[in-house]
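This report concerns only the one structure given below.
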Amino acid sequence: MQKLKDILYGISLKSLIGNREVEVAGIAFDSRKMKAGYLFVAIRGLTVDGHDYIKEAIEIGAKVIICECLPELSGENLTIVQTHNSGEALGIIASNFYGRPSEKLKVVGITGANGKTTCATLLHNLFTNLGYSAGLLSTVENKIKDKVLNAGFTTPDALQLSQLMSDMVKAGCTYCFMEVSSHALVQHRVAGVYFTGAVFTNISHEHLDYHKTFDEYITAKKRLFDGLSSSAFALVNADDKRGSVMLQNTKAKKNRYAIKSMADFRIRVIHNTLQGLELNFNGIEVWFRLIGEFNAYNLLAVYSTAILLGEDKETILSVLSMIQGVRGRFEKVDNEASVLAIVDYAHTPDALENVLKTINKLRTKNEVLVTVVGCGGDRDQTKRPKIAKIAAKFSDKVILTSDNPRTEEPKQILEEMRAGIPKSKEKNVMMIENRKEAIRTACNLVDKEDILLVAGKGHETYQEINGVRHHFDDKAILNQQLNTE
């Protein structure tokens, strides 16, 4: 139980009706999770307005209502707090309620279109191997030290976020490495979080179904850097032209990393093969198990972050060189058929092009390259033909298939993808709606030493159809098909 006046600290108040001294047992912004004695936060969502559930929350036993519009209610035991933005208020209130846990951790947020999961996971693995207790919040999984928790979203909601960070503090963690999505920034999910540092990886055509314009998307990413304090560090990819935009107006110490441009942290790629990367860090040559130039950027971002957090250069490189890649990110699937089978999360035009360019740059061209790819439903439709066009351009054979159709008709998604296939490439492209059948067919198209890329779902172990998640694992299907002989 905590007094309301203590957990309201820092929010933008318009008015308060009732008792500031009332004690609050918990917080909810979903009426289905309300309990007697809780504070209810009414948030305006894309499809649901929490203000419509205020009466229901009171009937359950809410003691305090946080809202943007004052309801026509009164009661001796009810306190109503009006604020300018309920979403932002939730983050600050949650942080206060759980003892402001982010201030007891060194929290590093990673944002960008691609590389967030890899960078956050590598940082967690690095600092764990350096002897620290650390937490991880990522698309693939959340972790408190070595304890693995399922991840629902790239960035948890504000209430879950404070709960998780509080649990990290209780478990003795001193670091937290987290992905910060553009959605989370716009929805104020990280309000109330104190960041020790922030990292920008890159930007590409993504989430325009939500942000509507590319400028809105960039502005959303920039919010992370705009909110940093003067004691924090900001680290951006100088080879991405939007990197300098992220640093505009930030109070944080500005740092840049790059392979091609002048920057505070630079590396030289010596060898880039399908077996790994050899990189030169200011005269120190190190071999890594990760593949591709995009992973050279990820490794450089992680190395630079660790230095900014005060770690020794040679120790960082020694530990990093031993770390494996991240599940579902350019992950090789070992098999008896001697096919180079790769599972990757690439689900944007830019990410898919990066993966396919990497493979083509490293292959001998004597192999056949087959790509299986789809597009998710209820997401940006404009990227569908682009993804198909990229797959056809950089692959010998392509199978367009279903991804997570969600509430859309899979056939319609595939037709929108097919529109991007040039006539000269049509003979090399098949459409197989059933994803398992598509992967099985692809396995039959490849021989020893050929390359098979299954893109779009990566680490996911489900396929979402009409609101229901069915078990589905690209890696498991590949194992089954390529190891049956």
Could you walk me through whether Asp30 and Arg32 pass the salt bridge (charged side-chain N to carboxylate O under 4.0 Å, His left out) check? CA-CA 5 Å; Asp30 182 337; Arg32 293 168 297 183; 2.8 Å; yes
Applying ring-ring contact (aromatic ring centres under 6.0 Å, His included), run through Tyr53 and His51 and close with a yes or a no. CA-CA 5 Å; Tyr53 297 87; His51 290 76; over 10 Å; no
Show, in sequence, the C-alpha distance, side-chain angles and deciding distance for Gln324 and Asn125, and conclude whether the side-chain hydrogen bond (donor to acceptor under 3.5 Å, both in side chains) test is met. CA-CA 9 Å; Gln324 299 275 10; Asn125 292 344; over 6 Å; no
Hey, mind stepping through His188 and Glu88 against side-chain hydrogen bond (donor to acceptor under 3.5 Å, both in side chains) and telling me if it holds? CA-CA 5 Å; His188 304 284; Glu88 184 177 21; 4.8 Å; no
Quick one: do Ile54 and Cys67 satisfy side chain to side chain contact (heavy atoms under 4.5 Å, CB included)? Show the steps, please. CA-CA 9 Å; Ile54 289 175; Cys67 56; 4.3 Å; yes
Apply ring-ring contact (aromatic ring centres under 6.0 Å, His included) to Phe177 and Phe127, showing your working. CA-CA 10 Å; Phe177 302 104; Phe127 276 74; 5.1 Å; yes
For Val108 and Cys176, run side chain to side chain contact (heavy atoms under 4.5 Å, CB included): C-alpha distance rounded to whole Å, both residues' side-chain angles, the deciding distance at 0.1 Å, then the answer. CA-CA 6 Å; Val108 177; Cys176 172; over 6 Å; no
Assess whether side chain to side chain contact (heavy atoms under 4.5 Å, CB included) is satisfied between Tyr257 and Asn255, documenting all intermediate values. CA-CA 7 Å; Tyr257 69 94; Asn255 300 269; over 6 Å; no
Start with the C-alpha gap between Phe225 and Asn249, add the side-chain angles, then the distance that decides, and say whether side chain to side chain contact (heavy atoms under 4.5 Å, CB included) holds. CA-CA 8 Å; Phe225 297 87; Asn249 305 318; over 6 Å; no
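A 6.0 Å sphere centred on NZ of Lys365 holds more than 12 heavy atoms belonging to other residues, nucleotides or ligands. Within a 6.0 Å radius of NZ in Lys106, other residues, nucleotides and ligands contribute 12 heavy atoms or fewer. For Asn444, the CG atom sits in a packed shell: over 12 heavy atoms of surrounding residues, nucleotides or ligands are nearer than 6.0 Å. Taking a 6.0 Å sphere around NZ of Lys389, one finds it holds 12 or fewer heavy atoms contributed by other residues, nucleotides or ligands.
What you find for Gly292 and Leu277 is that their closest heavy atoms are O-CD1, 3.3 Å. Shown here for Leu452 and Cys443, the closest heavy-atom pair between the two residues is CD2-SG, 3.9 Å. Taking each heavy atom of Ala301 and Val199 in turn, the nearest pair found is CB-CG1, 4.4 Å. Nearest approach of Pro156 to Leu164, heavy atoms of both residues: CG-CD1, 3.9 Å. Here the closest non-hydrogen pair linking Ala94 and Leu159 is CB-CD1, 4.0 Å.
Looking at Glu433 and Ser402, their side chains never bring a donor and an acceptor atom within 3.5 Å of each other. Using modelled atom types and a 3.5 Å distance limit, the side chains of Ser86 and Arg44 yield no donor-acceptor pair. Inspection of the Asp350 and Asn114 side chains reveals an N or O donor paired with an N or O acceptor under 3.5 Å. Side chain to side chain, Asn335 and Gln481 fail the donor-acceptor criterion of an N or O pair below 3.5 Å.
Of the options Met178, His459, Glu179, Lys143, a side chain to side chain contact (heavy atoms under 4.5 Å, CB included) to Ser138 is made by Glu179 and by none of the others. With Ile390 as reference, Glu353 is the one residue of Lys357, Glu353, Lys383 to meet the side chain to side chain contact (heavy atoms under 4.5 Å, CB included) rule.
Judged by distance alone, the side chain of Lys221 and the main-chain N or O of Phe200 form no donor-acceptor pair under 3.5 Å. Although no hydrogens or angles enter the test, the distance criterion places no donor-acceptor pair under 3.5 Å between the side chain of Glu415 and the main chain of Gln412. Of the possible polar contacts, none joining the Asn237 side chain to the Asn202 backbone as a donor-acceptor pair under 3.5 Å is found. A donor-acceptor pair is defined here as one N or O able to donate and one able to accept, closer than 3.5 Å; no such pair exists between the side chain of Lys116 and the backbone of Thr201. Between the side chain of Asn404 and the main chain of Gly376, no donor-acceptor pair closer than 3.5 Å is present. Looking at His124, its side chain never comes within 3.5 Å of a backbone N or O of Leu122 through a donor-acceptor pair. A donor-acceptor pair under 3.5 Å is absent between the side-chain atoms of Asp49 and the main chain of Asp52, judged by distance alone. With Ser395 contributing its side chain and Val398 its backbone, the two residues share no donor-acceptor pair below 3.5 Å. With hydrogens and angles ignored, the 3.5 Å screen pairs a side-chain donor or acceptor of Thr401 with a backbone N or O of Ile432. Looking at Asn298, its side chain never comes within 3.5 Å of a backbone N or O of Cys119 through a donor-acceptor pair.
Between Asn295 and Phe288 the shortest side-chain heavy-atom distance does not fall below 4.5 Å. Taking 4.5 Å as the limit, every side-chain heavy atom of Lys361 sits out of range of all side-chain heavy atoms of Thr273. Taking 4.5 Å as the limit, every side-chain heavy atom of Val370 sits out of range of all side-chain heavy atoms of Asp450. Contact check for Leu105 versus Tyr175: no side-chain heavy atoms found under the 4.5 Å cut-off. You'll find the side chain of Ile359 reaches within 4.5 Å of the side chain of Ile342, heavy atoms only. Using a 4.5 Å heavy-atom threshold, the side chains of Thr139 and Arg329 count as touching. In this structure, Glu278 and Val269 have side chains that are not in contact, with every pair of non-hydrogen atoms separated by 4.5 Å or more. A heavy-atom distance below 4.5 Å is not found between the side chains of Met430 and Leu400.
Separation of atoms CZ (Phe294) and OG1 (Thr118) is listed at 7.5 Å; rounding is to 0.5 Å. Leu352 CG to Leu356 CG: the interatomic distance, rounded to the nearest 0.5 Å, is 4.5 Å. The line from CG of Asp157 to CZ of Arg189 is 7.5 Å long, rounded to the nearest 0.5 Å. Taken from CG in Leu90 to CD in Gln187, the straight-line distance is 11.5 Å, to the nearest 0.5 Å. The distance from the OG1 atom of Thr111 to the NZ atom of Lys222 is 13.0 Å, given to the nearest 0.5 Å.
With salt bridges taken as basic N to acidic carboxylate O contacts below 4.0 Å, none links Asp473 and Lys475. We find that Lys457 and Asp474 are not joined by a salt bridge, their nearest charged nitrogen and carboxylate oxygen being 4.0 Å or further apart. A salt bridge is defined here as a Lys NZ or Arg NE, NH1 or NH2 lying under 4.0 Å from an Asp or Glu carboxylate O, and Glu408 with Arg384 meets this definition.
Listed by first and then second residue, the salt bridge (Lys or Arg N to Asp or Glu O under 4.0 Å) pairs involving residues 391-403 are Arg363-Asp396 (not counting sequence neighbours).
Tyr303 has its ring centre less than 6.0 Å from the ring centre of Phe281.
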